[in-house]
Asks: 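Take a look at the following structure, please.
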Amino acid sequence: MTTVGPDAAEGRDVTSAAVGVRSSRTAMTVGAVGIIWKREMLRWWRDKPRIIGSTGFPLIFLLVFGSGLSGAMGSLIGDGAQAVNFEQFIFPGIIAMSVFFAALFNAVSLVYDREFGILKEVLVAPVSRAAVAFGKTLGGATVATLQGTVVFVFAPLVGIRLSPLLVLQLWPIMFLGAFALSSMGVAMAARMRSIESFQMINQFVMFPLIFLSGIFFPLQGLPPWMGVLVRVNPVSYAVDPLRRLILEAQGLPDEVLGRLSESGLALSLGGQQVGVAADIAIVAGFGIAMNVLAMWLISIRD
Amino acid sequence: MAHAQDPAILTENLTRRFGDLVAVDHMDLSVGHGQVFGFLGPNGAGKTTAIAMLTTLLRPTEGRALVAGHDVERDAAGVRRAIGIVFQEPSLDERLTARENLEFHAVLYGMPRAERPQRIGEALRLVDLDDRADHIVEKFSGGMRRRLEIARGLLHVPAVLFLDEPTLGLDPQSRRSVWQHIRTLRETTGVTVFMTTHYMEEAEFCDRIAIIDHGRIVALDTPEGLKNLVGGDVVVLTTPDAQAMVDYLGTQSLDATMRDSEVRVEVDDGARFIPRVVRGFPGEIDGASLRRPTLDDVFLKLTGRTIRESELNAGDVSRSRMRRSMGSRGRR
């Protein structure tokens, strides 16, 4: 009999005789989340090829895709020095893409842990499995935010100015998107037995989400069905605030900024531009739902 | 809560099915505190499944189990706090150092920060890895990894330590070293050790052994007690006409078995038996050997097969288990 359901017997009394002094249950859960997070960070930091590879990837996209199409597409909005060209349009999208790829990809570590036995060590520990899922998610989200931050150094190449204030505004939004996608990745990985099948499913899910999020093209003159898909896709709402914040900080005249959604550079719903607050609320809602799903899936005991 | 008079491990009718396969079949078991208790049986006998249930990784299909007084179903968290485990497959993070692996474990088990450095240092010293504390585990040999896993299993001072095939795939030297450490820790900490093995020599180290076959306990006793099941001595005779020999021994009400040209028989006093049988079959006996019974003889007597034979046609080993154990051997 395989009973499917969250592990109800998780972490009740904390009064075992085994070790004299023990931390309280809350402290233990926080500690577990923390150490799982720390482990993700250590593993990432020691995997230099991964860091180098995931830095080169966005650069290639930015140069080949961005610069390649920039000439053909000309100005997307505004004229002369106050124009937004394709490279500048795509730059926030490349940040988002780096973050989301890293967030989804990092969840493979859960499958890796299962395949190499480390997950068992975690699952027999007296910590709630929800804490395991949450620690993994936070680790993945942190790694992904750092990966996205690396893209900042390419800003001068495409004529984007990043002030310290802007960076401070971007980080929480990047982290929120990373958290949402990382939760989704952990949910997908929670019951997956092989790294290969996770990679396969991951790509199957990742590419539509990324391509239909307005990262690579302005949302203007799209076929209606595609317009609908972009607006249904929660990832679009994680890209939108990054682009809005970055473009709004480039000293463009208000007249130009007022036409962002009209030109397909910002998301609109029913003709109304979606506000940054609404974007954040949608991504947060999606992220929490995915995290709860991940916690539940990881708690199923065979 | 655990009480001193409770056995360290108690199971009643413990059963686990995977579809049609009954991996663990109505197992009744009681292991006292401070014992080294062994599960001996071929691969696929259900040893690992039993451990998975006792350590809360698998739910029993039927029956119940108490570990350190906690029910594995209703108080999984209580069980988890009271046990340490060394899994059959490696379960260290190879990209972390030995110390980081132990720190990870210490935090998961709620060990206060102030205690950690000292306890981690002690655990590493116990398994002779204190000079490697800050080396990345990737560079460790199979024996070193095993010892580190044993240190980790003991770090939070568990009441019961589970060791699933602790020496599987290790070279003889590492195996001896692992065993030495298991004996040391039992003498110094008094922990109850529950281990599985399919190595006869290892089972000899246990206080009590359960012989497992097809998910059932077929015998449970001390190593000596089990060997007494076989009788005094085991004599193996080499003869061209083995069948005639078996028939003859049968008339002497001796239980003989035949393997090619070898006849194996259990007798009370082998030293007197051999000259007698040689006189009875002049010129027909090419060789004779005499030894004390081993646990393999006990297994043969109880199941009609040797452990090695059981493993050669272990049709009941699930594919995933085979893949896993092969994987772990490959990496050692």
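Quick note on labels: first sequence line is chain A, next is B, and so on, each numbered from 1.
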Asks: Distance check, rounded to the nearest 0.5 Å: A:Leu123 atom CG versus B:Thr56 atom OG1?
Replies: 8.5 Å
Asks: Can you tell which part of A:Asp47 gets under 4.5 Å to a heavy atom of chain B, answering side chain, backbone, both or neither?
Replies: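 For A:Asp47, the contact with chain B is made by the side chain alone.
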Asks: Taking NZ, NE, NH1 and NH2 as the nitrogens, is one of them in B:Glu100 or A:Arg46 under 4.0 Å from a carboxylate oxygen of the other?
Replies: yes
Asks: Does the side chain of B:Arg152 reach to within under 4.5 Å of the side chain of A:Glu121, using non-hydrogen atoms?
Replies: yes
Asks: May I ask you to name which of B:Thr55, B:Leu92, B:Leu57, B:Val79 has the most heavy-atom pairs under 4.5 Å with chain A?
Replies: B:Leu57
Asks: A quick test of your reading: do over 12 heavy atoms of other residues, nucleotides or ligands sit less than 6.0 Å from CE of A:Met200?
Replies: no
Asks: Which region of B:Leu96, side chain (C-beta onward) or backbone (N, CA, C, O), has a non-hydrogen atom less than 4.5 Å from a non-hydrogen atom of chain A, or is it both or neither?
Replies: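 For B:Leu96, backbone and side chain are both near chain A.
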Asks: Measuring heavy-atom distances to chain A, does B:Ile83 have an atom under 4.5 Å in its side chain, in its backbone, in both, or in neither?
Replies: neither
Asks: When rounded to the nearest 0.5 angstrom, what is the spacing between CG in B:Asp93 and CG in A:Leu42?
Replies: 9.0 Å
Asks: Locate the shortest heavy-atom distance separating B:Arg81 from A:Pro126; write the atom from each residue and the value.
Replies: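 Nearest pair, atom of B:Arg81 first, then A:Pro126: CG-CB, 3.3 Å.
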Asks: Counting only heavy atoms closer than 4.5 Å, note whether A:Val122 contacts chain B via side chain, backbone, both or neither.
Replies: both
Asks: Using the six-membered ring of A:Tyr112, assess whether NZ or CZ of B:Arg95 lies under 6.0 Å from its centre and within 45 degrees of the ring axis.
Replies: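 Flagged: B:Arg95 positioned over aromatic ring of A:Tyr112.
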Asks: Atom CD in B:Glu89, atom CD in A:Glu115: separation rounded to 0.5 Å?
Replies: 11.5 Å
Asks: When rounded to the nearest 0.5 angstrom, what is the spacing between CZ in B:Phe87 and CD1 in A:Ile118?
Replies: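 The CD1 atom of A:Ile118 is 11.5 Å from CZ of B:Phe87, to the nearest 0.5 Å.
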Asks: Looking at B:Val107 and A:Gly31, what are the two nearest heavy atoms and their distance?
Replies: CG1-O, 3.2 Å
Asks: Ignoring hydrogens, what is the shortest heavy-atom contact between A:Gly117 and B:Ser91? Give both atom names and the distance.
Replies: O-CB, 3.1 Å
Asks: Flag the pair A:Phe116 / B:Pro90 as yes when at least one side-chain heavy-atom distance between them is below 4.5 Å, and no otherwise.
Replies: no
Asks: Where does A:Leu119 contact chain B at under 4.5 Å (heavy atoms): side chain, backbone, both or neither?
Replies: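 For A:Leu119, no heavy atom lies under 4.5 Å from chain B.
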Asks: Give, as side chain, backbone, both or neither, the part of B:Val86 having an atom under 4.5 angstrom from any heavy atom of chain A.
Replies: neither
